[in-house]
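Here the structure comes first, spelled out in structure tokens, and everything after it is commentary.
No hydrogens, no waters, no symmetry mates; every other heavy atom, side chains included, goes into these values. A, B, ... follow the sequence lines: proteins, then strands. Residue 1 opens every chain. Just so you know, these numbers come straight off a predicted model, no measurement behind them.
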There are 2 protein chains.
Amino acid sequence: MPQGQPDVVPNDGLTTRQRRNRPLVMVHTGVGKGKSTAAFGMALRAWNQGWPVGVFQFVKSAKWKVGEENALKALGATGEGGTVDWHKMGEGWSWIQRDPKEGEQSHEDKGREGWEHIKRCLAEERYRFYVLDEFAYLLHWGWVDTEEVIRVLRDRPGQQHVVITGRNAPAELCEFADLVTDMSKVKHPMDAGQKGQRGIEW
Amino acid sequence: MPQGQPDVVPNDGLTTRQRRNRPLVMVHTGVGKGKSTAAFGMALRAWNQGWPVGVFQFVKSAKWKVGEENALKALGATGEGGTVDWHKMGEGWSWIQRDPKEGEQSHEDKGREGWEHIKRCLAEERYRFYVLDEFAYLLHWGWVDTEEVIRVLRDRPGQQHVVITGRNAPAELCEFADLVTDMSKVKHPMDAGQKGQRGIEW
């Protein structure tokens with residue numbers, strides 16, 4: 001909730017307008033709730049600007065985030081704002097046209113394939129707002145090289161905002177990112193023995 | 001991101017189903033980004049369940065959250081999910097039909113009037129999911145009595161989920177709430193002299 005007055009005016013040779021419109025890399029990490037949820041909330045703003053939104057879900061789940069998925073797809077379909085493409089690793093990346101009889105890819109291969117596709121999207125400026133949901137895990141696990149991700153993000157053309165979610169975001173990524181928020185758990189219903197519920201957890 | 005297995009099974013006389021469907025009070029606090037954004041992200045899930053959603057914005061702003069507002073209203077208008085009512089203190093609460101010549105209400109009075117209306121909504125189970133955006137400030141400032149809020153929330157009928165956002169949520173409220181997440185700022189573009197930008201901050 002910035003009040004509009006930065007504390008420091010950097011000596012970077014940019015005008016305020018140039019600096020204002022600088023494309024951002026944002027990281028939502030920590031063990032608390034709200035990392036992905038806040039990223040999808042940001043996507044609402046991007047949609048409202050008419051920006052093409054690309055969501056890449058890197059962790060498979062049967063029911064998680066179906067609410068956000070249905071809502072963002074419904075928004076994309078209204079034609080009143082930006083488009084929304086939703087890619088799920090769990091259901092096979094939509095752009096992979098591969099004979100399933102050839103044998104299933106490993107989870108790790110699928111993750112890397114997702115990242116390769118994101119690189120292509122960034123190179124061709126396919127989206128204006130990217131949600132790389134749970135992508136931090138892949139970096140943490142070493143499936144995708146953090147240094148390469150930073151290099152690709154640093155060199156991306158145009159006005160492409162990228163938000164990366166997930167626990168254990170590597171320190172180098174946080175160092176590179178423009179905005180890092182750590183969601184801490186203070187209290188969660190699971191602590192009191194409650195299971196997740198429809199409409200709240202998914 | 002609960003994995004489905006609580007650590008503790010409470011001795012509260014409830015079945016798992018009853019416990020699962022327990023209406024929740026959730027608090028998003030802390031100085032970092034994402035408190036409101038995550039609450040609006042949760043509203044996407046509520047919408048997807050077909051639940052009536054009521055948003056009450058307690059802090060006036062010309063441009064903040066217009067993206068979420070437009071998006072959630074557009075979702076409500078699709079008829080594919082729940083309805084969305086959006087009430088802004090800054091524009092006058094929509095249910096207050098008062099001659100403006102009588103003199104403007106104070107900010108504090110408007111805040112209290114908002115809370116009185118929420119009490120009526122809770123009593124008649126008007127919504128299934130409430131976002132009381134920035135409401136924590138009013139409690140912190142003492143405009144609305146925290147003990148009363150806790151009492152009203154504790155006694156609310158039916159299946160009404162409530163999420164309260166804002167910095168400085170009072171300790172008693174956090175003690176009472178089912179879920180508390182603290183959003184901590186690790187790094188923000190404002191620190192590097194960047195102002196807020198369209199599509200990102202609003």
### Task
Mind checking the CE-NE2 spacing from A/M183 to B/H28? Nearest 0.5 Å is all I need.
8.5 Å

### Task
Pick whichever of A/G41, A/C174, A/A71 has the most heavy-atom pairs under 4.5 Å with chain B.
A/A71

### Query
Quick one: of A/A46, A/G81, A/A177, A/G34, who has the most non-hydrogen atom pairs under 4.5 Å with chain B?
A/A177

### Query
In terms of heavy-atom pairs under 4.5 Å with chain A, which of B/Q49, B/M26, B/E80 leads?
B/Q49

### Task
Tell me, for B/S184 versus chain A, whether the close heavy atoms (under 4.5 Å) come from the side chain, the backbone, both or neither.
both

### Nearest-0.5 Å distance that lies between atom CG in B/N48 and atom NZ in A/K73
11.0 Å

### Query
Taking the side chain as C-beta and beyond, is there a heavy-atom pair between A/N70 and B/L44 under 4.5 Å?
no

### Task
Select one option (side chain, backbone, both, neither) describing which atoms of A/A39 are under 4.5 Å from chain B's heavy atoms.
neither

### Query
What distance separates B/D182 CG from A/K33 NZ, expressed to the nearest 0.5 Å?
15.5 Å

### Task
Count the heavy atoms belonging to other residues, nucleotides or ligands that lie under 6.0 Å from CD of B/E124, then report whether that count exceeds 12.
yes

### Task
Check each atom of A/T181 against the heavy atoms of chain B and say whether the ones under 4.5 Å are side chain, backbone, both or neither.
both

### Summary
In short, A/M42 meets B/T37 closest at the heavy-atom pair N-CG2, 3.4 Å

### Atom pair CZ/CZ of A/R45 and B/F40 - distance to nearest 0.5 Å
9.0 Å

